[in-house]
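Okay, structure first, notes after.
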Number of protein chains: 2
Amino acid sequence: MQISMKCSIAVHCLLFIHEAEGKFKITSSLLAESTGCNPVIIRNILSSLKKAGLITVARGTGGAKLCADPSKITLYQIYNALEPDGLSTLIGIHPCEERKCPVAQNIRHVLENPYNKIKDSIKQTMESVTLQSMIDDFDTLVTSKNA
Amino acid sequence: MQISMKCSIAVHCLLFIHEAEGKFKITSSLLAESTGCNPVIIRNILSSLKKAGLITVARGTGGAKLCADPSKITLYQIYNALEPDGLSTLIGIHPCEERKCPVAQNIRHVLENPYNKIKDSIKQTMESVTLQSMIDDFDTLVTSKNA
DNA sequence: ACAAGATGTAATGTCAATAGTTACATCTAT
DNA sequence: ATAGATGTAACTATTGACATTACATCTTGT
């Protein structure tokens with residue numbers, strides 16, 4: 001598994017919701033139109049974000065809203081909401097513990113430290129990025145283009 | 001693409017080569033036996049490591065040897081030898097630039113910074129891990145088990 | 001009450017990437 | 001020359017990401 005498009009789509013949705021909130025009702029088909037992917041994909045992603053407490057989605061009537069301060073929402077929270085196994089599946093190790101060779105029996109243990117370090121550094125970096133910072137970047141981009 | 005098993009297999013091979021070097025001839029079928037994967041997979045991985053200047057493989061007669069100081073070989077070098085596109089394919093962004101929505105037009109740019117940060121942090125962490133440090137960990141493990 | 005429009009989710013299909021396998025050409029020491 | 005090894009292309013299998021269809025469920029307006 002990689003850090004998949006789901007994550008970028010999720011950020012896209014959150015950004016969209018923030019920009020449009022209060023102006024019009026944000027439905028999954030609207031977000032599908034903006035992101036270029038299927039409404040079901042959107043609904044699944046929104047569902048994950050909802051479970052993580054980042055947004056609310058009104059059943060029946062429809063409409064998504066942020067339910068947390070954008071400066072409190074980190075990229076890691078978003079990623080984690082979408083990928084339940086977190087970063088554990090990002091790195092693969094070949095299975096070979098059952099073999100006689102002492103290298104085979106210990107390789108997993110040897111790789112544990114480096115791989116955990118990598119995951120921790122990804123986590124830390126993701127935690128340092130807030131939705132607010134991305135909103136700011138977006139706003140700067142848009143206003144500079146209109147100037 | 002993820003950080004695939006190729007990487008762990010490569011470390012396995014390098015560790016094996018270091019431990020066995022001088023004791024007996026290290027062939028691809030021997031490494032296949034130790035890692036539990038196909039000799040062709042091994043040969044492809046060794047071929048990549050060879051191109052990166054980390055090992056030599058004797059044609060015809062067979063036998064792999066390290067050709068760099070283990071303390072100078074980093075995990076990043078190993079990873080990079082195997083994955084020509086480096087970390088660029090680790091993170092996916094959904095394609096949507098052609099759409100009307102301003103969010104769609106700018107999302108890629110907004111994500112550029114955070115995603116580059118992530119890649120850089122992975123790279124830095126990988127560069128901080130040397131083959132020597134993994135050899136040391138391995139030796140410690142083996143001697144402590146025999147004690 | 002009920003129709004319209006929205007979400008929630010299961011089931012299925014498609015495609016690309018990873019990994020495994022076979023096959024064979026090539027090389028080197030004996 | 002032959003035995004044993006590497007180098008690589010070609011093919012298959014499997015897995016995971018993503019798309020799509022279908023349908024149940026919910027809420028509001030009438």
Side-chain angles (χ1 to χ4, degrees), chain A residues 1-10 12-13 17 24-33 35-52 55-65 67 79 81-85 87-96, chain B residues 1-10 12-13 17 20 24-33 35-52 55-65 67 79 81-96:
Chain A
M1 187 190 297
Q2 59 161 175
I3 298 175
S4 69
M5 294 195 312
K6 273 205 289 188
C7 191
S8 70
I9 296 171
H12 187 142
C13 291
I17 292 169
F24 47 86
K25 193 173 73 172
I26 303 154
T27 66
S28 61
S29 51
L30 202 56
L31 286 168
E33 180 61 29
T35 58
C37 68
N38 196 279
V40 176
I41 306 283
I42 298 294
R43 290 206 285 268
N44 282 328
I45 289 173
L46 293 188
S47 170
S48 297
L49 295 174
K50 191 172 139 187
K51 277 174 194 156
I55 60 171
T56 56
V57 181
R59 255 210 109 145
T61 169
K65 293 183 183 183
C67 67
Y79 173 72
L82 303 169
E83 313 285 358
D85 294 337
L87 297 168
S88 63
T89 56
L90 190 65
I91 307 178
I93 298 184
H94 61 292
C96 60
Chain B
M1 189 190 298
Q2 59 159 175
I3 298 177
S4 69
M5 292 195 314
K6 275 206 288 189
C7 192
S8 71
I9 296 172
H12 187 143
C13 291
I17 293 170
F24 47 86
K25 193 173 71 172
I26 303 153
T27 66
S28 60
S29 52
L30 202 56
L31 287 168
E33 180 60 29
T35 58
C37 66
N38 195 280
V40 177
I41 306 282
I42 299 294
R43 291 207 283 269
N44 283 328
I45 289 172
L46 292 189
S47 171
S48 297
L49 295 175
K50 192 173 138 188
K51 277 174 194 155
I55 60 172
T56 57
V57 181
R59 255 209 107 150
T61 170
K65 293 183 183 180
C67 66
Y79 173 72
L82 303 168
E83 313 284 0
D85 294 335
L87 297 168
S88 62
T89 56
L90 191 64
I91 306 177
I93 298 184
H94 62 293
C96 60

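Here the structure is a predicted model, which is why all the values come from computation and not from measurement. All chains are named by letter (A, B, ...) in the order of the sequence lines, taking the proteins before the strands, and each is independently numbered beginning at 1. Side chains included, hydrogens not; waters and symmetry mates left out as well; all remaining heavy atoms used.
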Exercise. Think B:Ser28 has a side-chain N or O under 4.0 angstrom from the OP1 or OP2 of D:dT6?
Worked result: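 Yes, within the criterion.
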
Measure [atom1]/[X] against [atom2]/[N] and give the value in whole Å, please.
X       : N      : atom1 : atom2 : value
A:Leu90 : C:dA17 : CG    : P     : 17 Å
B:Ile41 : C:dA19 : CD1   : C1'   : 5 Å
A:Leu30 : C:dT7  : CG    : C1'   : 15 Å
B:Asn38 : C:dT22 : CG    : C1'   : 9 Å
B:His94 : D:dC18 : NE2   : C1'   : 13 Å
A:Ile3  : D:dC18 : CD1   : C1'   : 18 Å
B:Lys25 : C:dA29 : NZ    : P     : 11 Å
A:Glu83 : D:dA17 : CD    : P     : 7 Å

Exercise. What parts of residues 42-52 of chain B reach DNA chain C, counting only heavy atoms under 4.0 Å away?
Worked result: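 Close to the strand are B:Arg43.
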
Problem set entry | A:Thr89/A:Glu83 under side-chain hydrogen bond (donor to acceptor under 3.5 Å, both in side chains): CA gap, chis, key distance, verdict | CA-CA 9 Å; A:Thr89 56; A:Glu83 313 285 358; over 6 Å; no

Exercise. In this structure, which one of A:Ile42, A:Ile41, A:Ile9 forms a side-chain contact (heavy atoms from CB on, under 4.5 Å) with A:Leu31?
Worked result: A:Ile42

For this session: Taking side-chain contact (heavy atoms from CB on, under 4.5 Å) as the test, write out the residues that go with A:Leu30, two or more places apart.
Result: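 Applying side-chain contact (heavy atoms from CB on, under 4.5 Å) to A:Leu30 gives A:Phe16, A:Phe24, A:Thr27.
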
Problem set entry | Base versus backbone protein contacts along nucleotides 24-30 of chain D [heavy-atom cut-off under 4.0 Å; B, S, -] | -BBS---

With a 4.5 Å cut-off on side-chain heavy atoms, are [Y] and [X] touching?
X       : Y       : answer
A:Arg43 : A:Pro39 : yes
A:Leu49 : A:Val57 : no
B:Cys96 : A:Thr35 : no
B:Met5  : A:Pro95 : yes

For this session: Starting at OG of A:Ser4, measure out to OH of A:Tyr79 and round the result to the nearest 0.5 Å.
Result: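 Result: 7.5 Å between the selected atoms.
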
Exercise. Between A:Gly62 and A:Lys25, what is the shortest heavy-atom contact and its length?
Worked result: O-CD, 3.6 Å

[X] side-chain proximity, nearest of [options]:
X       : options                : value
A:Lys6  : D:dC18, C:dT22, C:dA10 : D:dC18
B:Val40 : D:dA19, C:dT21, C:dA6  : C:dT21
A:Ser4  : C:dT21, D:dT6, D:dA17  : D:dA17

